[in-house]
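In listed order, ligands and their atoms are each counted from 1.
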Amino acid sequence: MGWNTYNTFGKEFSEELVRGTVDYIVSSGLKEVGYEYVILDDWWSLDKRDSAGRLVPDPVRFPNGLKVLSDYIHSKGLKFGIYSCVGVETCGGLPGSFDHEYEDARQFAEWGVDYLKYDYCYKPFHVPGHVLYKRMAIALRNCGRDILLAACNWGYHDAHTWMRAAGAQTWRSYGDISDSWSSIRDTILSQLNRECYGGIGAWNDMDMLVVGMNGKGHVAAGGCTHEEYKTHFAVWALSASPLILGCDIRNMDENARSILTNRDLIAINQDPEGRPAYTIKYWHDCYVYVKMLSDGKLAIGFVNLGDKANDVSVQFWDIGVPTRGYGLSMKDVWSGEELGVIRETYRRKVEPHACHVVLATLVED
Ligand code: GLA
């Protein structure tokens with residue numbers, strides 16, 4: 001869980017902006033609910049390495065260098081993330097880490113980096129991607145500091161079949177999100193039947209959140225309704241995807257805050273067993289998500305990706321709960337309302353683009 005500069009600020013970020021955001025993560029309670037990594041995405045460096053071959057933070061936007069910023073982030077009990085790329089350049093055209101992996105890893109360690117987002121642009125065609133991630137994974141493991149490798153190759157080259165073995169601790173499984181319902185929907189659909197590939201040690205990262213962007217910022221694409229942002233957050237939570245905030249949290253509205261700090265959904269997302277939900281296709285763009293939790297409860301999402309309201313139901317038989325002798329005591333995760341004990345089947349009308357989520361506890365009759 002954390003916050004990243006890219007979705008809202010693109011190239012336009014500085015030490016001052018990051019410090020202000022850090023302060024807000026602490027004062028607003030976002031830290032308390034679990035948001036921890038503060039990540040500088042692409043465009044923190046100059047467009048050339050120095051004469052010793054080192055990456056150089058932009059001195060205008062980071063006048064005190066990155067160690068001072070990193071110390072500040074750590075002093076607030078948060079962690080510091082940075083960005084580089086397997087290729088000769090980053091996606092934004094700045095120096096990449098190709099063939100500099102070991103020096104760069106040591107440099108990141110000196111700056112107190114805790115998380116490296118590692119992109120896939122300008123990758124030499126003849127070098128397999130898995131080798132490039134392995135190079136950085138080994139470099140980070142031997143740089144003298146615990147640095148998480150957050151791979152970002154958009155699921156290319158069947159990443160789900162090799163990323164875990166290549167040493168990434170999180171890995172992006174689809175292309176870049178933008179602040180629109182169609183982008184959220186495409187990302188959700190891209191993950192169906194891939195549920196088994198994420199988990200402890202190598203989390204499937206569905207990309208940063210657009211909740212709260214409201215049509216403004218670098219990946220603006222029209223914005224989403226409150227209901228659509230709720231569905232976005234709920235499906236990311238049920239899927240055990242990293243939750244990396246992408247809006248300008250300093251100016252976040254109450255709707256966004258209520259979504260991003262929903263304690264039940266965060267607990268579902270962070271469940272220690274780290275199981276992603278499996279999905280049952282209902283009909284007409286409707287899906288039921290079931291996430292088995294370590295305390296025996298089930299988190300169940302009823303998702304309507306379609307443009308018309310639909311009834312969505314689940315037969316308990318299909319999720320492993322006997323039809324006789326047991327029921328599920330349900331709580332609505334958005335409203336907090338107790339729905340009572342339900343038996344055999346649960347049916348619910350779900351509005352277009354909405355997601356109804358319940359926490360279900362097994363009870364014996
Ligand atoms: C790629 C990544 C994005 C972002 C940009 C930065 O597109 O997928 O998340 O890091 O590069 O240039």
TODO: Report yes if some heavy atom in the side chain of His356 is under 4.5 Å from a heavy atom in the side chain of Val312; otherwise report no.
DONE: no
Task: Cys91 and Cys121 SG atoms less than 2.5 angstrom apart - done: yes
- [ ] Run the numbers for me: atoms of ligand 1, each under 4.0 Å from some heavy atom of Met208, listed by number.
- [x] 9 (O)
Task: Residue, atom name and distance, where the atom is the protein heavy atom closest to atom 12 (O) of ligand 1 - done: Asp42 OD2, 2.8 Å
Open item on the list: Contact between ligand 1 and Tyr120 is defined here as a heavy atom of the residue under 4.0 Å from a ligand atom; is it met?
Closed with: no
- [ ] Give the single entry among Asn7, Ile39, Asp119, Thr5 that approaches atom 2 (C) of ligand 1 most closely by any heavy atom.
- [x] Asp119
Task: Enumerated ligand 1 atoms positioned under 4.0 Å from heavy atoms of Arg172 - done: 8 (O), 9 (O)
Open item on the list: Could you identify the single nearest non-hydrogen protein atom to atom 8 (O) of ligand 1 and state the distance to 0.1 Å?
Closed with: Asp176 OD1, 2.5 Å
Task: ligand 1 to Asp41 polar contact by distance, N or O atoms, under 3.5 Å - done: yes
Open item on the list: With respect to Trp43, determine whether any N or O atom, backbone or side chain, lies less than 3.5 Å from an N or O atom of ligand 1.
Closed with: no
Open item on the list: Counting only heavy atoms from other residues, nucleotides and ligands, does the tally under 6.0 Å from CD of Glu12 exceed 12?
Closed with: no
- [ ] Select one of side chain, backbone, both or neither to describe which atoms of Cys152 lie under 4.0 Å from any atom of ligand 1, heavy atoms only.
- [x] side chain
TODO: Give the numbers and elements of all ligand 1 atoms closer than 4.0 Å to a heavy atom of Cys91.
DONE: 1 (C), 11 (O), 12 (O)
Open item on the list: Out of all atoms in ligand 1, which are within 4.0 Å of some heavy atom of Lys117? Include the element for each.
Closed with: 3 (C), 4 (C), 9 (O), 10 (O)
TODO: Ignoring hydrogens and angles, state whether a donor on the side chain of Lys230 or His226 is under 3.5 Å from an acceptor on the partner side chain.
DONE: no
Open item on the list: Looking at Phe13, I'd like to know if the NZ or CZ of Arg61 sits under 6.0 Å from its six-membered ring centre while staying within 45 degrees of the ring's axis.
Closed with: yes
- [ ] Find the distance between CE (Met206) and CZ (Arg194) and round it off to the nearest 0.5 Å.
- [x] 12.0 Å
TODO: Determine the interplanar angle of the Trp162 and Tyr133 rings, folded into 0 to 90°, and report it as parallel if under 30°, tilted if 30 to 60°, perpendicular if over 60°.
DONE: tilted
- [ ] Ignoring hydrogens and angles, tell me if any N or O in the side chain of Asn7 forms a donor-acceptor pair with the backbone of Leu209 under 3.5 Å.
- [x] yes
